[in-house]
Amino acid sequence: MDFLKIEEKWRKKWEDERADSFDVRRADKKKYVLEMFSYPSGANLHLGHWYNFGLTDVYARLLRMQGFEVFHPMGFDAFGLPAENYAIKTGIHPKDSTEKNIKTMEGQLRNMGASFDWDYEIKTCDPEYYKWTQWIFLQLYKHGLAEQKLAPVNWCPSCNTVIANEQVVDGCCERCGAVVERREMRQWFLKITKYAEELLDGLDTIDWPEKTKIMQRNWIGKSYGGTVTFDLANGGSFDVFTTRADTLFGCSYVVLAPEHPLVREITTDECKAAVENYRAEAARQSEIDRTSTVKEKTGVFTGAYAINPVNGRKVPVWIADYVLATYGTGAVMAVPAHDTRDYDFAVKYGLPIERVVKSADGAPDDLPYVEYGVAVNSGFADGMKTEDAKNAILDYLAGKGKGGKKTTYRLRDWSVSRQRYWGAPIPMIHCERCGAVPVSEKDLPVKLPYNVDFKPKGKSPLGANEEYMNCTCPKCGGPARRDPDTLDTFVCSSWYYLRYPNAKNDKQAFDTEWTDKLLPVDTYVGGAEHACMHLLYARFITKALRDMGYLHFDEPFKKLVHQGVILGPDGKRMSKTRGNIINPDDYVSVYGSDVFKMYLCFAFSYTEGGPFSTDGIAPIAKYLDRAERIVTKAIDGKGIAPADDKARADLEYAVNYAAKCCGADIAAFSFNTAVARLMELTNAMYKYDTADDALYNAAVTFVKLVAPITPHVAEELWERLGNKDSVLRQPYPVADESKLARSLIEMPVQLMGRFKGTVNIAPDATEAEATAAALALLELPAAKKVIYKPGKILNIIV
RNA sequence: GCCCGAAUGGCGGAAUGGCAGACGCGACGGACUUAAAAUCCGUUUGUGGAAACACAGUGUCGGUUCAAGUCCGACUUCGGGCACCA
């Protein structure tokens with residue numbers, strides 16, 4: 001078949017007929033199918049796009065044939081760092097390069113033959129889009145969900161700019177090699193932590209991969225414990241968070257994070273130099289390095305002492321980099337006898353190690369003993385089991401006003417300020433008199449100026465543009481400055497699924513009534529790398545907008561599917577430096593999109609992915625040619641009465657078996673087995689080998705079954721079968737169960753759980769009948785016991 | 001380092017705890033052809049055997065079960081994420 005020619009013919013026809021338009025009148029039958037939109041960093045669609053968009057489109061087309069009105073939009077996540085880096089390197093403006101890339105990708109997406117409705121296209125860098133991103137930020141601000149806080153950023157002293165984690169390589173700047181520091185800057189945060197509990201609970205209500213739910217649960221990191229207030233010997237106090245309050249009597253020192261605000265105040269003069277050095281050193285390390293459990297623990301003494309509230313004991317206050325300012329209270333109590341990190345630290349620095357838990361059942365309990373057990377050397381808690389001791393000690397502290405039970409989350413607020421150019425400007429104004437003031441909604445969008453020097457020079461690129469920065473305070477009318485930062489691109493992508501149905505609405509971000517009809521997204525497909533960030537942010541924004549009354553659903557994505565990662569032919573992740581990048585165009589331009597897509601369907605387990613190999617592509621083209629030949633033969637047989645009943649029954653079985661499996665497999669994103677069932681069907685048609693009505697009917701069903709996968713080829717064959725309408729609008733075949741029923745079935749027989757052979761029995765055979773047949777096969781007189789699972793196995797035990 | 005996955009023939013991959021290897025690639029054989037290509041048909045986990053069949057076999061080691069690729073524990077290797085790449 002001339003695939004390229006066929007594809008051009010049908011694509012043109014579909015475009016002329018607007019075959020992929022969403023019909024709003026049928027919104028009651030809607031299915032919202034969405035892929036994570038693409039980031040136009042390169043000029044071309046890469047293999048991952050094909051794998052995500054191409055195969056999800058197979059699913060979308062199946063749903064259409066099953067009678068649903070599918071809403072399947074496409075757009076671009078167009079702001080972001082790579083375009084800006086590219087601009088710094090080449091001088092090409094991010095807007096220009098991004099628009100050019102989008103144009104190319106749009107063309108390629110159209111040639112994919114996927115059923116996107118382009119009427120709803122969005123681009124996050126379009127002022128008509130980011131206007132509403134800014135509007136959402138303002139709503140969050142008005143509802144107390146946005147606030148300014150100090151937070152550390154990576155600062156390259158040589159480039160004189162903030163750099164992303166990605167640009168930090170082994171603690172050094174990837175551009176110039178200078179050692180990167182962490183600096184505190186004032187930044188906007190969205191208070192996602194307010195929703196920690198609901199984000200956790202909501203996971204139970206959605207159809208997502210279990211592993212993704214587990215990852216989100218761990219990311220949110222709820223832990224039950226308590227706070228303990230330590231008074232400082234020289235006045236003042238601080239709280240620690242612990243999940244093991246039962247070990248409080250064994251606390252022999254306390255540790256603050258190096259960044260803890262109290263550190264400067266409490267450090268004694270003798271210790272000052274060491275503490276300052278240590279803080280500077282800690283600022284150079286990433287959190288991953290700091291929390292590594294194999295890294296040797298280090299720390300320094302501050303010279304200060306704190307009072308353990310349960311026993312009045314004076315314990316030294318240290319700082320150590322394994323304590324993070326961002327988790328819990330930024331301070332921990334150290335119980336070396338019952339925590340491995342504290343133990344290593346205490347051994348290294350000669351701090352006391354005192355047992356306060358022993359094993360309950362006499363099992364070995366060498367120190368450090370981190371298991372639960374029974375409290376010892378713990379005053380009033382002696383003899384209590386760990387759980388009881390926790391409660392007793394926290395209750396005691398609560399009674400004294402020195403702490404109590406507390407639940408903590410690992411989840412941190414979402415930092416959204418970026419000291420970069422290519423993003424949505426933060427719609428806030430800083431006034432000397434009024435402080436931070438929101439831009440009024442009527443003045444949105446705050447437009448990103450085109451003429452900006454985005455080269456690094458010590459502050460945000462926008463901050464150097466006086467024309468942009470100077471404005472008047474909306475509150476007092478005095479002179480004021482704009483916020484020089486832009487929003488994290490995750491903000492743009494945390495609500496785009498709400499915008500698609502409202503893509504052309506220039507009055508609102510979305511029309512609530514309409515949004516309620518089309519959302520939530522029924523099936524969302526994208527990479528598992530987004531499990532904790534994008535997917536959590538989107539859930540948060542949905543819940544926040546719901547609480548403001550704008551939405552009436554709780555979760556944005558009912559069902560989630562992750563596609564796997566396609567690796568290079570060498571089994572490694574594709575990358576420029578490895579030189580193992582596969583360009584899909586090289587194959588699509590030769591074989592066409594149908595063949596390439598069917599290859600992607602067949603060659604991988606969708607959710608696993610795997611190494612790419614060119615070897616499988618040509619065979620798919622051959623297979624479609626083989627299918628074409630048998631369909632062509634079948635056309636000649638139309639109207640000829642079938643002769644052989646047995647052969648016809650076998651063919652009909654194959655047809656209905658394929659019908660039964662194909663749709664179910666595609667719906668389960670098991671594309672490879674769906675293709676396998678189609679191959680079995682064509683094999684059965686070849687075996688039948690008679691041009692008559694039975695073969696003709698099989699061909700008709702086959703063409704419908706294959707249509708979601710290879711729509712162009714299916715349209716062509718459908719036309720040749722004598723049809724005038726589109727095969728893509730035919731109802732998807734449903735199996736006739738009566739054709740699948742067999743008078744005898746093969747029942748595997750096991751002896752003591754080992755397979756011994758099969759017997760043919762009636763599908764509804766009784767246990768006695770089945771046992772008799774099995775015993776005959778095994779030539780045994782009787783069974784001691786029989787395990788019979790009709791349709792599955794019969795296991796004889798002697 | 002921490003969290004989450006994955007590992008099955010020469011290769012890609014199938015398999016609600018119940019016949020491991022569906023389907024395909026490759027390889028081998030046959031038909032057609034003067035020949036080749038293309039096509040159609042067949043064989044193809046390993047070992048032994050002419051065969052029937054027997055034994056072994058799903059990364060490693062151990063466990064649960066009448067029965068384990070599948071469940072549990074420990075490990076090895078690879079992949080994803082770790083909050084400023086998206």
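Naming convention: chains lettered A, B, ... in sequence-line order (proteins, then strands); numbering from 1 in each chain.
- Nucleic acid contact class of L81(A) (heavy atoms, under 4.0 Å, all strands): sugar-phosphate only.
- Outside the 6.0 Å centre-distance limit, the rings of Y497(A) and Y524(A) are not counted as a close aromatic pair.
- Taking side-chain N and O atoms only, Y623(A) has no distance below 4.0 Å to OP1 or OP2 of rG24(B).
- Note on G571(A): nothing from the nucleic acid sits closer than 4.0 angstrom, heavy atoms only.
- In this structure, R754(A) reaches the sugar-phosphate backbone alone: every heavy-atom distance under 4.0 Å involves primed, P, OP1 or OP2 atoms, never a base.
- In RNA chain B, runs of at least 3 consecutive Watson-Crick or G-U pairs, each pair with both distances below 3.5 Å, span B:1-7 with B:76-82, B:10-12 with B:23-25, B:26-31 with B:39-44, B:45-48 with B:53-56, B:59-63 with B:71-75.
- Aromatic ring centroids of F602(A) and Y623(A) lie 6.0 Å or more apart.
- Heavy atoms of K789(A) sit under 4.0 angstrom from at least one base atom.
- Contact annotation: S605(A) side-chain N/O to rA14(B) OP1/OP2 distance is under 4.0 Å.
- Within the 6.0 Å centre-distance limit, the rings of F612(A) and Y587(A) are counted as a close aromatic pair.
- Taking only side-chain nitrogens and oxygens, R573(A) comes nearer than 4.0 Å to OP1 or OP2 of rG80(B).
- A ring-centre distance under 6.0 Å is not found for W414(A) and F490(A).
- Listed nucleotides: rC4(B), rC23(B), rC66(B). Nearest to the side chain of F602(A): rC23(B).
- For the pair R412(A) and rA83(B), the criterion of a side-chain N or O lying under 4.0 Å from OP1 or OP2 is not met.
- Nearest to the side-chain atoms of N683(A) among the listed nucleotides rC78(B), rA22(B), rC23(B) stands rC23(B).
- With rC66(B), rA86(B), rC84(B) as the choices, the nucleotide that has an atom nearest any side-chain atom of E529(A) turns out to be rA86(B).
- Listed nucleotides rC4(B), rA86(B), rC23(B) differ in distance to D488(A); the shortest reach to its side chain belongs to rA86(B).
- H530(A) and H534(A) have perpendicular rings, their planes meeting at more than 60° on a 0 to 90° scale where under 30° would count as parallel.
- Taking every side-chain heavy atom of N672(A) into account, rG13(B) is the closest of rG24(B), rG13(B), rC66(B).
- Of the P atoms belonging to rG12(B) and rG26(B), the separation is 15 Å, rounded to the nearest Å.
- A603(A) comes within 4.0 angstrom of sugar-phosphate atoms only, judged by non-hydrogen atoms across all strands, and of no base.
- Neither OP1 nor OP2 of rC3(B) sits under 4.0 Å from any side-chain N or O of R217(A).
- Counting atom types as modelled, Q419(A) pairs a side-chain N or O with a base atom of rC84(B) as donor and acceptor under 3.5 Å.
- A side-chain donor from one of Y327(A) and S223(A) sits under 3.5 Å from a side-chain acceptor of the other.
- For the C1' atom pair drawn from rG59(B) and rU77(B), the interatomic distance equals 8 Å after rounding to whole Å.
- One N or O donor and one acceptor, one from the side chain of Q187(A) and one from the base of rC84(B), sit under 3.5 Å apart.
- Taking the six-membered ring wherever Trp is involved, the centroid distance between the rings of F669(A) and F671(A) falls below 6.0 Å.
- Between the C1' atoms of rG5(B) and rG10(B), the separation comes to 27 Å (whole Å).
- For the P atoms, the distance linking rU33(B) with rC28(B) amounts to 23 Å, nearest Å.
- Remark: R341(A) fails to qualify as a cation-pi partner of Y322(A) under the 6.0 Å distance and 45° angle criteria applied to the six-membered ring.
- Looking at Q750(A), its side chain has no donor and acceptor atom pair within 3.5 Å of the base of rC19(B).
- The shortest distance between the side-chain N/O atoms of R626(A) and the OP1/OP2 oxygens of rG24(B) is not below 4.0 Å.
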